[in-house]
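One structure below.
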There are 2 protein chains.
Amino acid sequence: MSPYDPSAFPPFAVTVDLVVLTVRRHALCALVVRRGEPPFQGRWALPGGFVRGDEDLSAAAARELAEETGLCAHDPASPGSANGAHLEQLATYGDPKRDPRMRVVSVAHLVLAPDLPAPRAGGDANSARWAPVEELLARDTAFAREDEQEAPLAFDHAVILADGVERARSKIEYSSLATAFCPPEFTVGELRRVYEAVWGVALDPRNFHRKVTGTPGFLVPAGGTTTRQGGRPAQLFRAGGATILNPPMLRPEV
Amino acid sequence: MSPYDPSAFPPFAVTVDLVVLTVRRHALCALVVRRGEPPFQGRWALPGGFVRGDEDLSAAAARELAEETGLCAHDPASPGSANGAHLEQLATYGDPKRDPRMRVVSVAHLVLAPDLPAPRAGGDANSARWAPVEELLARDTAFAREDEQEAPLAFDHAVILADGVERARSKIEYSSLATAFCPPEFTVGELRRVYEAVWGVALDPRNFHRKVTGTPGFLVPAGGTTTRQGGRPAQLFRAGGATILNPPMLRPEV
DNA sequence: TCAAAAGTGTTGGGGTTACACCCATGG
DNA sequence: CCATGGGTGTAACCCCAACACTTTTGA
């Protein structure tokens, strides 16, 4: 049996699905789109689509991201343009029955973006929204056996979303990834509120300040101050070159 | 354009590749097989194969593992049989040109196994071996532009291997995964030598002992002692129920 | 003046490092 | 007896949690 023989292997459809996270109104939110076709018609789902025949996986993810949000992805592996959100591969989901139509293997990607204007989904603003993660995942469990319409996300997207959220939660512990949720210039307090929203905990502002300003390369002063959060003016920072945090930021144990 | 239309998406071949790691003679080793066919005929490659049409990704990885090594995989997600090696999904590689024959997306998996008798590759012992990862990855860079025959692993397998090794190196920091490299019963010294081999560093035996025995749930006494390492008899342990280590094991910085 | 947020100083405790020291076996 | 690895004790040190306290703005 030659490896060139097309009958030697079954054909698969390959897609990318996106877990796009942001922090809005002190809550961790994910981008979801409403499905216009069966299966799961009218239900919310993660954005995504087919990988093209000549396209790399990360390129497909970046393309879908641009199509759905207008965001410009910044894959650390292939340093792209600025203004970019963080993009990384998350995991691959290939259960034979995950799509009732055919055999689909989906390579999920994780995107972390600063707070943005309302999303657009191919120009249709009604069919895309930022939803609090807590709501999406709680609905998954609590409403599962009640109302089919209020049930989980389409396909296995609740699992993918949960995996993406968990990845984000652990990765901001030991990396500077939390700055991907912030605008280019931000204050220490704004960065702290990112951690608090993603982890769902309260952090001591004084110790947090010492920690992040005392880690070399994490933050660099941007030269100005702002009072947009009220109170005493706060120094503005940009993300520094450091990508890993050692020692890590400690997450309080609930 | 209906999603049911087969012409709406290009067909892909989907494979699993395995990064199977073990510790032999105080060195971290990976399982490689010799390719019998072009492309890369005669070169070493990671074991792997096509995913079947009705098969889950982790099931395909476990099947390939059994076929190549006789190992029984123990996927934490789907608790299987005992005697099992640790198996987890690593990452997915889908560059359009990674296989010159056709469009292949490979879902790489990471396997951690205790030291084993010489591997068998479909009964052919000559075509499979444990190779020190240092050698496999050094050859990748040092010999790349000299002798084509001594060049890197086939396809993009050097990258996949490097990613798998990096995953293993970081994961033993904050999890009890290092015990997957040990036989069912092992001593603290044997576990320490696993860490030393994977990280390529020397650890203080006294502090290591205190650390692992002082972490609740990491190790449970198995009730006996052994002198197989020489010196004073050492207590035997089994892996405890704890899977995450908090605080983590600290890796000395080079 | 007061509330709110930004910062700094200080103290106590847990965990790690480095190393002195003892224990138990095989050769 | 001595080399080898196993295991305990201890002091210095680093980092973090907790919290008192000062600074600087807007309302």
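No experiment lies behind these values; they were computed from the predicted model shown. Chain identifiers are assigned alphabetically (A, B, ...) following the order of the sequence lines, protein sequences preceding nucleic acid strands; residue numbering begins at 1 within each chain.
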For B:Arg228, which contact category applies under a 4.0 Å heavy-atom criterion: base, sugar-phosphate, or nothing?
nothing
Can we say A:Glu135 and A:Arg129 salt-bridge, meaning some charged N sits less than 4.0 Å from an Asp/Glu carboxylate O?
-> yes
A:Glu190 atom CD is separated from C:dA5 atom C1', nearest whole Å, by 12 Å
Heavy-atom check, side chain of B:Val107 versus side chain of B:Gln89, under 4.5 Å:
yes
Rounded to whole Å, the CZ-C1' distance (A:Phe208 to D:dA18) equals 17 Å
Here the distance between atom C1' of C:dG9 and atom NZ of A:Lys211, to the nearest Å, is 19 Å
Among the nucleotides D:dT8, C:dT8, C:dT16, whichever has the atom closest to the side chain of B:His209 is D:dT8
Considering only heavy side-chain atoms of A:Ala234, the closest of C:dA5, C:dG7, D:dT24 is C:dG7
Value for CD1 (A:Ile172) from CZ (A:Arg251), rounded to nearest 0.5 Å, stands at 7.5 Å
Atom CG of A:Asp204 and atom C1' of C:dA6 are separated, to the nearest Å, by 13 Å
Of A:Thr213 and A:Gly231, the one whose closest nucleotide on DNA chain C sits nearer the 5' end is A:Gly231
Separation of C:dT16 atom P from B:Leu250 atom CG, nearest Å, is 6 Å
Winner on side-chain proximity to A:Pro233, out of C:dA20, D:dC19, D:dT25, is D:dT25
When rounded to whole Å, the CG to P distance for the pair B:Leu191 and D:dG5 reads 17 Å
Comparing nearest nucleotides in DNA chain D, the 5'-proximal residue of the pair A:Thr227, B:Val188 is B:Val188
| query | Taking N and O atoms by type only, does the side chain of A:Arg210 place a donor or acceptor under 3.5 Å from a partner on the base of C:dG9? | reply | yes
B:Thr187 has its side chain closest, among C:dG7, D:dG6, D:dA17, to D:dG6
Which of D:dA17, C:dC19, D:dG5 is nearest the side chain of A:Asn207? It is D:dA17
**Report entry** Main-chain N/O of B:Val198 paired with B:Arg169 side-chain donor or acceptor, under 3.5 Å
**Finding:** yes
Among the nucleotides C:dA5, D:dG6, C:dC19, whichever has the atom closest to the side chain of B:Arg192 is D:dG6
Note to self: Could you check whether the side chain of A:Arg232 and the base of C:dA6 have a donor-acceptor pair of N or O atoms closer than 3.5 Å, going by distance alone?
What the structure shows: yes
Exercise. Taking the side chain as every heavy atom from C-beta outward, state whether B:Leu219 and B:Phe186 have any pair of such atoms under 4.5 Å apart.
Key: yes
Ranking D:dC19, C:dA24, D:dG7 by distance to the side chain of B:Gln235, first place goes to D:dG7
